[in-house]
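In what follows, a structure is listed as structure tokens, so that the remarks can point back to it.
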Protein chains: 2
Amino acid sequence: MAMSDTLKAISDPVRRQILNLLKSESKPAGEIAAQFALTPATVSYHLKLLKQAGLISERREKNFIYYDLNASVFEEVLNWIYSLGIGGDSDDKK
Amino acid sequence: MAMSDTLKAISDPVRRQILNLLKSESKPAGEIAAQFALTPATVSYHLKLLKQAGLISERREKNFIYYDLNASVFEEVLNWIYSLGIGGDSDDKK
DNA sequence: TTTCTACTTAGAAGAATTTCTAATTAGAAT
DNA sequence: ATTCTAATTAGAAATTCTTCTAAGTAGAAA
């Protein structure tokens with residue numbers, strides 16, 4: 001739940017890709033798993049870590065479990081990065 | 001050198017603390033190591049990873065090795081985070 | 001040129017992470 | 001109630017990461 005968890009969560013490429021997939025709209029676990037050359041169990045493990053970090057939330061519907069992105073958790077990370085002083089002026093802040 | 005390396009680098013609390021220490025001014029390895037309950041060898045290992053990720057650079061002076069922060073590497077990370085859409089409007093962008 | 005200082009590299013141990021298979025759960029459908 | 005579907009949990013194997021001790025290196029000092 002702290003910045004440490006957020007950063008640990010996004011240090012893995014599979015988990016970043018999951019967040020990318022959920023950017024446009026929420027998706028059920030199966031649909032997410034289908035995007036990877038990994039077993040559903042493994043993807044479920046990654047979903048659990050993302051959920052623990054607060055980056056996604058789950059919602060049951062029929063017998064699917066939909067996952068939603070929660071990007072607001074990144075605020076703390078952003079503030080830390082900015083506190084270090086960003087040298088190269090990224091143009092698009094938002 | 002890619003975002004993947006940056007995120008891996010900052011996923012460790014020791015390495016984040018090193019970046020914090022270098023925020024104000026560059027410091028020699030020994031002075032950095034002194035801040036941790038770790039051997040100099042271990043801190044050197046963390047410095048190597050940060051260097052490989054491009055987050056710090058080294059500079060010899062006398063027989064000290066000074067490390068400098070290079071926060072511009074964060075740009076790619078920032079752009080990715082913003083691409084996910086930050087929910088909670090952090091007020092201070094810069 | 002030997003010695004000393006500041007630090008790194010090598011190699012190994014221990015810990016944590018990622019992945020799999022197999023078994024289980026929760027709810028929907030029959 | 002049984003079965004089927006979607007997904008998770010448990011447990012183990014493989015890999016990666018963190019840390020240490022011991023040995024090495026680069027340059028300064030003597």
Side-chain angles (χ1 to χ4, degrees), chain A residues 1-22 25-70 73 77, chain B residues 1-22 25-70 73 77:
Chain A
M1 267 136 172
M3 185 171 74
S4 192
D5 299 292
T6 310
L7 291 175
K8 192 96 81 160
I10 65 171
S11 71
D12 182 88
V14 170
R15 292 193 288 271
R16 285 199 301 278
Q17 187 54 37
I18 290 174
L19 296 182
N20 286 339
L21 290 171
L22 298 177
E25 57 178 353
S26 67
K27 291 186 173 62
E31 198 171 318
I32 295 168
Q35 304 294 313
F36 298 93
L38 295 170
T39 64
T42 297
V43 174
S44 189
Y45 157 79
H46 286 296
L47 289 169
K48 187 174 73 177
L49 293 193
L50 287 169
K51 194 169 54 182
Q52 283 172 354
L55 282 161
I56 60 174
S57 58
E58 67 183 24
R59 168 173 54 84
R60 295 197 87 102
E61 194 169 313
K62 302 261 291 187
N63 54 351
F64 295 87
I65 300 178
Y66 282 82
Y67 284 94
D68 295 271
L69 177 64
N70 176 18
V73 171
V77 173
Chain B
M1 265 136 172
M3 184 172 73
S4 192
D5 298 292
T6 311
L7 291 175
K8 194 93 82 162
I10 64 172
S11 71
D12 181 88
V14 170
R15 292 193 289 272
R16 284 198 301 279
Q17 187 55 36
I18 290 173
L19 297 182
N20 287 339
L21 290 170
L22 298 177
E25 57 179 353
S26 67
K27 292 186 173 61
E31 198 171 320
I32 295 168
Q35 304 294 312
F36 298 94
L38 295 170
T39 64
T42 297
V43 174
S44 189
Y45 157 79
H46 286 296
L47 288 169
K48 188 174 71 178
L49 293 193
L50 287 169
K51 194 170 52 182
Q52 282 171 354
L55 281 162
I56 60 175
S57 59
E58 67 182 25
R59 168 172 54 84
R60 294 197 87 101
E61 194 168 314
K62 303 260 294 187
N63 55 351
F64 295 85
I65 301 177
Y66 282 82
Y67 284 93
D68 294 271
L69 177 64
N70 176 17
V73 172
V77 173

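Protein chains get the first letters and strands the later ones, always in sequence-line order, with residue 1 at the start of each. Keep in mind that what you see is a predicted model, and the values were worked out from it rather than measured.
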**Inter-residue atom distance A:Leu55.CG - A:Ile10.CD1, 0.5 Å rounding** = 7.5 Å
**Request:** Can you spot which of B:Glu31, B:Arg60, B:Arg59 makes a side-chain contact (heavy atoms from CB on, under 4.5 Å) with B:Tyr66?
**Result:** B:Arg59
**Asked** How long is the span from the CZ atom in A:Arg16 to the CG atom in A:Asn20, to the nearest 0.5 Å?
**Response** 8.5 Å
**Request:** Measure the spacing between CG of B:Asp5 and CG of B:Leu50 and express it to the nearest 0.5 Å.
**Result:** 11.5 Å
**Asked** Of all of residues 60-70 of chain B, which get a heavy atom below 4.0 angstrom from DNA chain C, listed by number?
**Response** B:Asn63, B:Phe64, B:Ile65, B:Tyr67
**Message:** Working to the nearest 0.5 angstrom, can you tell me the gap between A:Ile56 CD1 and A:His46 NE2?
**Reply:** 11.5 Å
**Prompt:** CD of B:Glu31 versus C1' of C:dC7: gap in Å, rounded?
**Reply:** 14 Å
**Complete:** Closest heavy-atom pair, B:Pro40 versus B:Ala33, reported as atoms and distance to 0.1 Å, is CA-CB, 4.3 Å
**Message:** If the condition is side-chain hydrogen bond (donor to acceptor under 3.5 Å, both in side chains), which residues does A:Lys51 pass it with, not counting sequence neighbours?
**Reply:** A:Glu58
**Asked** Under a 4.0 Å heavy-atom cut-off, which of residues 7-22 of chain B touch DNA chain D?
**Response** B:Lys8, B:Asp12, B:Arg15
**Request:** Find the distance between CG (A:Leu38) and CD1 (A:Ile32) and round it off to the nearest 0.5 Å.
**Result:** 13.0 Å
**Request:** Would you indicate what A:Leu49 reaches in the nucleic acid, counting non-hydrogen atoms under 4.0 angstrom: base, sugar-phosphate, or nothing?
**Result:** sugar-phosphate
**Complete:** Shortest non-hydrogen pair, B:Gly54 vs B:Asn70, comes out as O-ND2, 3.2 Å
**Asked** For the residue pair A:Asp68 and A:Ser26, what are the closest heavy atoms and their distance?
**Response** OD1-CB, 3.0 Å
**Separation between CG of B:Leu69 and CD1 of B:Ile18, rounded to the nearest 0.5 Å** = 11.5 Å
**Message:** Could you tell me if the side chain of A:Thr42 sits less than 4.5 Å from the side chain of A:Val14, heavy atoms only?
**Reply:** no
**Prompt:** Between atom CD in B:Glu58 and atom P in C:dT8, what is the gap in whole Å?
**Reply:** 7 Å
**Complete:** One would report the end-axis bend of the helix from C:dT1-D:dA30 to C:dT30-D:dA1, five pairs per end and rounded to 10 degrees, as 10°
**Request:** Considering only heavy atoms of chain B and a distance under 4.0 Å, specify the first and last nucleotide of DNA chain D in 5' to 3' order that meet this criterion.
**Result:** D:dC17 to D:dA29
**Prompt:** What parts of residues 34-47 of chain A reach DNA chain D, counting only heavy atoms under 4.0 Å away?
**Reply:** A:Pro40, A:Ala41, A:Ser44
